[in-house]
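A quick write-up on the structure given underneath.
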Number of protein chains: 2
Amino acid sequence: MTKNFSFIEKLRETGLRPTKQRIKICEVLFNREKTFHFTINDLVKKISEELNEKISLATVYNTVHALQKKGYLKEISINSNKSYFDTNTSVHHHFYDEDTHQLIDCNENEIESVKVKNNITGKKINSVEVLVRVASDNQNQN
Amino acid sequence: MTKNFSFIEKLRETGLRPTKQRIKICEVLFNREKTFHFTINDLVKKISEELNEKISLATVYNTVHALQKKGYLKEISINSNKSYFDTNTSVHHHFYDEDTHQLIDCNENEIESVKVKNNITGKKINSVEVLVRVASDNQNQN
DNA sequence: CAACAGTTTAGAATAATTATAATTTATAAT
DNA sequence: ATTATAAATTATAATTATTCTAAACTGTTG
Ligand SMILES: [Mn+2]
Ligand SMILES: [Mn+2]
Ligand SMILES: [Zn+2]
Ligand SMILES: [Zn+2]
């Protein structure tokens, strides 16, 4: 249970009370070796599958948004109908598999750094991110 | 009225019946010199402002999707809560103004072409697009 | 152990989008 | 031109993701 202890610390540090529910959500989100890209629904499913727990939908939304606000999660917009979140909070690029609707991080070395030569006057650049849409190689056009 | 005639042709060519409503929507969308980035709501507003007409919301959705399917419009996902559409259907990059929620096309010369060095095996790349998020230069962090 | 603010929860409300089913319209055939 | 038919439009209902609400509960602090 040393793992959970670290989440309690982490939550406390950022001014979030380490409640039962938040700790469980942290476990599901951050106790993994690879980046996790998910929708709220994915997360709810994982919580019930991996932890055999039920956390109310409102709490899952609240907690994910709280973690995002504190910089532990990042929101990604791919699909206009639902939000994706990402445990990799750095500015980075993605592959989006249009067949499986999966988001995959681009490694640093997979995309050459993007140069923005002209910016809009009076504005500062917050992020520059690339989305590579991929699909199966079959010739399945309409 | 030569303009409308061209829309009638265009619609007919792609197998869409040139109805009163579709022609009006085409006018609003394509009778402009600059690229138009819009939400369904923006479009409905323009229709009532510019043409003093009321087209039912269902028809606006249907028509926009029909035009998109035929390649006359492109859907852009920025914000997870609503869809943006774009009269520029080419693969291209955008600035997104996080203050005003406006989408602006990047000119060819504003972003250096992006090189994807490694792709996912078994998949083909459909598009590579960059999103540059900008905001006002004021120091308004939380 | 209080006390109190912060959190969780079920369920209602909202907002964008899609589905339905009746009416209307565009086109093609007569 | 009239008619037949399929396609489109419309008002409205349904759906889906998300947010709000307000009551019950829990974590923290003294
Ligand atoms: Mn959000
Ligand atoms: Mn859509
Ligand atoms: Zn990622
Ligand atoms: Zn554009």
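Letters A, B, ... mirror the listed sequences (proteins, then strands); counts begin at 1. Excluded from the calculations below are hydrogen atoms, water molecules and symmetry mates; all remaining heavy atoms, backbone and side chain alike, are included.
Straight-line distance from the CD1 atom of A:I25 to the P atom of C:dT7: 13 Å, rounded to whole Å. The distance from atom OH of A:Y61 to atom C1' of C:dG11 is 15 Å, rounded to the nearest whole Å. Look at NE2 on B:H65: it is 14 Å from P on C:dA16, rounded to the nearest Å. Put simply, NZ on B:K54 is 13 Å from P on D:dT9, counting in whole angstrom units. Atom CG of B:L57 is separated from atom C1' of C:dA16 by 9 Å (rounded to the nearest Å). Distance, A:I55 CD1 to D:dC25 P: 18 Å, rounded to whole Å. Look at CG on B:L16: it is 11 Å from P on C:dT27, rounded to the nearest Å. The distance from atom CD of B:E53 to atom P of D:dT9 is 13 Å, rounded to the nearest whole Å.
Mapped onto DNA chain C by nearest heavy atom, B:K82 and B:R17 fall at different nucleotides, with B:K82 at the one closer to the 5' end. Residue order along DNA chain D, read from the 5' end via each residue's closest nucleotide, puts A:Y84 first among A:N62 and A:Y84.
The pairing partner recorded for D:dA7 is C:dT24, the criterion being a Watson-Crick or G-U wobble arrangement whose two distances lie under 3.5 angstrom.
Side-chain atoms of A:S48 come within 3.5 Å of backbone atoms of A:K45 as a donor-acceptor pair (strictly under, hydrogens ignored). In this structure, B:N119 contributes its side chain and B:K123 its backbone to a donor-acceptor pair below 3.5 Å. Without hydrogens or angle criteria, A:D86 side chain to A:N88 main chain gives a donor-acceptor distance under 3.5 Å.
Applying the 4.0 Å criterion to OP1 and OP2 of D:dA8, one finds that B:T59 has every side-chain N and O outside that range. Close to D:dT18, at under 4.0 Å from its OP1 or OP2, lies a side-chain N or O of A:S83. For the OP1/OP2 pair of D:dT28 and a distance below 4.0 Å, the side-chain nitrogens and oxygens of A:R12 include at least one atom meeting the criterion. Dashed line: the shortest gap from a side-chain N or O of A:S56 to OP1 or OP2 of C:dT8 is not under 4.0 Å. B:R22 has a side-chain polar atom (N or O) that falls below the 4.0 Å cut-off from OP1 or OP2 of D:dA8. Contact check, B:T19 against D:dA7: no side-chain N or O comes under 4.0 Å of OP1 or OP2.
Distances from the side chain of B:Q21 to the nucleotides D:dG27, D:dT9, C:dT17 place D:dT9 closest.
Between B:K70 and B:L16, the shortest heavy-atom distance links the atoms CG-CD1, 4.0 Å.
Annotation: side chain of B:K46 is not in contact with side chain of B:F38 (no heavy-atom distance under 4.5 Å).
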